[in-house]
Amino acid sequence: MNSSSNNIFLIGLMGAGKSTVGKLLAKKLGRRFLDADHVIEDRCGVKIPVIFEMEGEDGFRKREAQAIKDITAEDDVILATGGGAVLLPENRQFLSERGTVIYLHANPMELWHRTKGGEGRPLLKNGDAKKILENLYDIRDPLYREIADHVIETGKPSVNQLVNTLIMQLELSA
Ligand SMILES: Nc1ncnc2c1ncn2[C@@H]1O[C@H](COP(=O)(O)OP(=O)(O)OP(=O)(O)O)[C@@H](O)[C@H]1O
Ligand SMILES: O=C(O)C1=C[C@@H](O)[C@@H](O)[C@H](O)C1
Ligand SMILES: [Mg+2]
């Protein structure tokens, strides 16, 4: 954790609510919001599924690592990371050293319901999305927990309630 940078980094699986919660949190606090997936898309000029098609997951991870390195060097950012941002050790190090890390947790079944029918998640396209999410959860849950300063259960509360709880827990004010 690094509180002097004032950065807040949201981590968690696809469907955890990083983008939704991050956007509302930033609005309520009057702070700058960045979504790592959108930063990568803006830099490349194409959507993430196209990057996966052209460069494979490895190519995407290199671009993601560069984006995380650049964004975590900034101050006063609320960042929604991509679901796989914790896979590379150097990403985990940048995230944990440069801000307060919030793990938005949900179980795989809940994540499946939230991502069902959604576009733009190439990892869920080839096979049984529920099984894929279960596997990703098993691999990644320990990695999210490794760098999390706070673990927030997202199952029951509304997004608005979650954001209010987060603001209280972090003792943030606009
Ligand atoms: N706490 C919540 N309760 C119910 N629905 C939620 C909650 N958080 C997010 N959602 C819904 O789940 C869907 C996925 O949310 P979102 O896109 O914010 O996830 P994400 O973590 O950014 O996923 P990705 O890693 O794929 O970008 C959206 O339709 C959103 O409205
Ligand atoms: O969980 C993942 O590995 C991913 C999640 C998305 O946010 C994107 O970063 C991309 O689709 C990969
Ligand atoms: Mg997102």
Side-chain angles (χ1 to χ4, degrees), residues 8-28 33-44 46-72 77-89 91-92 95 101-127 129-144 147-148 150-167 169:
I8 297 173
F9 302 135
L10 301 172
I11 61 171
L13 274 163
M14 290 172 271
K18 304 176 297 291
S19 301
T20 315
V21 168
K23 221 177 284 171
L24 185 60
L25 181 65
K27 192 174 167 205
K28 286 192 188 229
F33 172 70
L34 289 175
D35 191 313
D37 286 339
H38 296 163
V39 170
I40 297 163
E41 289 179 337
D42 287 348
R43 286 180 176 187
C44 296
V46 294
K47 295 284 183 191
I48 283 173
V50 178
I51 305 175
F52 269 73
E53 262 168 45
M54 293 175 69
E55 302 180 347
E57 182 171 348
D58 282 355
F60 173 76
R61 295 295 171 213
K62 287 196 184 103
R63 293 184 183 278
E64 182 176 49
Q66 187 61 53
I68 286 175
K69 186 174 180 190
D70 296 342
I71 296 166
T72 55
V77 170
I78 294 179
L79 172 70
T81 59
V86 294
L87 291 173
L88 292 180
N91 293 353
R92 297 204 293 280
L95 291 166
V101 179
I102 315 283
Y103 173 23
L104 297 179
H105 177 270
N107 64 47
M109 184 62 102
E110 178 76 36
L111 296 168
W112 177 66
H113 280 294
R114 290 188 200 163
T115 52
K116 242 186 332 182
E119 295 286 308
R121 293 182 174 100
L123 289 182
L124 300 183
K125 283 209 158 151
N126 299 317
K130 206 195 297 181
K131 285 233 168 68
I132 294 170
L133 279 167
E134 282 167 359
N135 286 338
L136 290 177
Y137 181 92
D138 288 345
I139 294 165
R140 294 179 182 178
D141 181 68
L143 299 177
Y144 297 131
I147 61 165
H150 302 268
V151 180
I152 304 288
E153 205 49 59
T154 70
K156 291 205 179 86
S158 68
V159 170
N160 191 50
Q161 282 171 324
L162 272 178
V163 169
N164 289 342
T165 308
L166 248 178
I167 290 173
Q169 272 197 18

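In each ligand, atom 1 is the first atom listed, and ligand 1 is the first ligand listed.
- Judged purely by distance below 3.5 Å, without hydrogens or angles, the side chains of Y103 and D141 pair a donor atom with an acceptor atom.
- Heavy atoms of A80 stay at 4.0 angstrom or farther from ligand 1.
- When each atom of ligand 1 is checked for a heavy atom of D37 under 4.0 Å away, the hits are 27 (O).
- Of the protein's non-hydrogen atoms, R121 NH2, 3.4 Å is the one closest to atom 17 (O) of ligand 1.
- Distances below 4.0 Å separate heavy atoms of T154 from the following atoms of ligand 1: 1 (N).
- G17 N, 3.2 Å is the protein heavy atom nearest to atom 19 (O) of ligand 1.
- In summary, R114 and E110 engage in a salt bridge, as defined by a charged side-chain N under 4.0 Å from a carboxylate O.
- Residue-to-ligand polar distances keep S158 apart from ligand 1: every N/O pair is separated by 3.5 Å or more.
- A salt bridge does not link E55 to K62: none of the charged nitrogens lies less than 4.0 Å from a carboxylate oxygen.
- Distances from the Mg ion (ligand 3) show that M14 has no N/O/S atom below 2.8 Å.
- The backbone N or O of S19 lies less than 3.5 Å from no partner atom in the side chain of D35, so there is not a single donor-acceptor pair.
- By the 4.0 Å heavy-atom criterion, G15 is counted among the residues contacting ligand 1.
- At the shortest separation from atom 16 (P) of ligand 1 among protein heavy atoms lies T20 OG1, 3.4 Å.
- The single protein non-hydrogen atom nearest to atom 1 (N) of ligand 1 is L162 CD1, 3.3 Å, given as residue, atom name and distance.
- Residue D35 does not touch ligand 1, judged by heavy-atom distances below 4.0 Å.
- Looking at K23, H113, R114 and measuring to atom 10 (N) of ligand 1, the nearest heavy atom belongs to R114.
- Every atom of ligand 1 with a heavy atom of L13 under 4.0 Å away is listed here by number and element: 21 (O).
- Using a heavy-atom distance under 4.0 Å as the criterion, the protein contacts of ligand 2 are M14, D37, I48, F60, R61, G82, G83, G84, P122, L123, R140.
- Looking only at heavy atoms of the protein, atom 25 (O) of ligand 1 is closest to K18 NZ, 2.7 Å.
- The two atoms that bring I102 and I152 nearest to each other are CG2-CG1, 3.6 Å, heavy atoms only.
- Taking every non-hydrogen atom of M14 and a distance limit under 4.0 Å, the qualifying atoms of ligand 1 come out as 23 (O), 24 (P), 25 (O), 26 (O).
- Protein heavy atom closest to atom 22 (O) of ligand 1, with residue, atom name and distance, is S19 OG, 2.8 Å.
- Each of L13, T81, L79 was checked for a side-chain contact (heavy atoms from CB on, under 4.5 Å) with K18, and the lone residue meeting it is T81.
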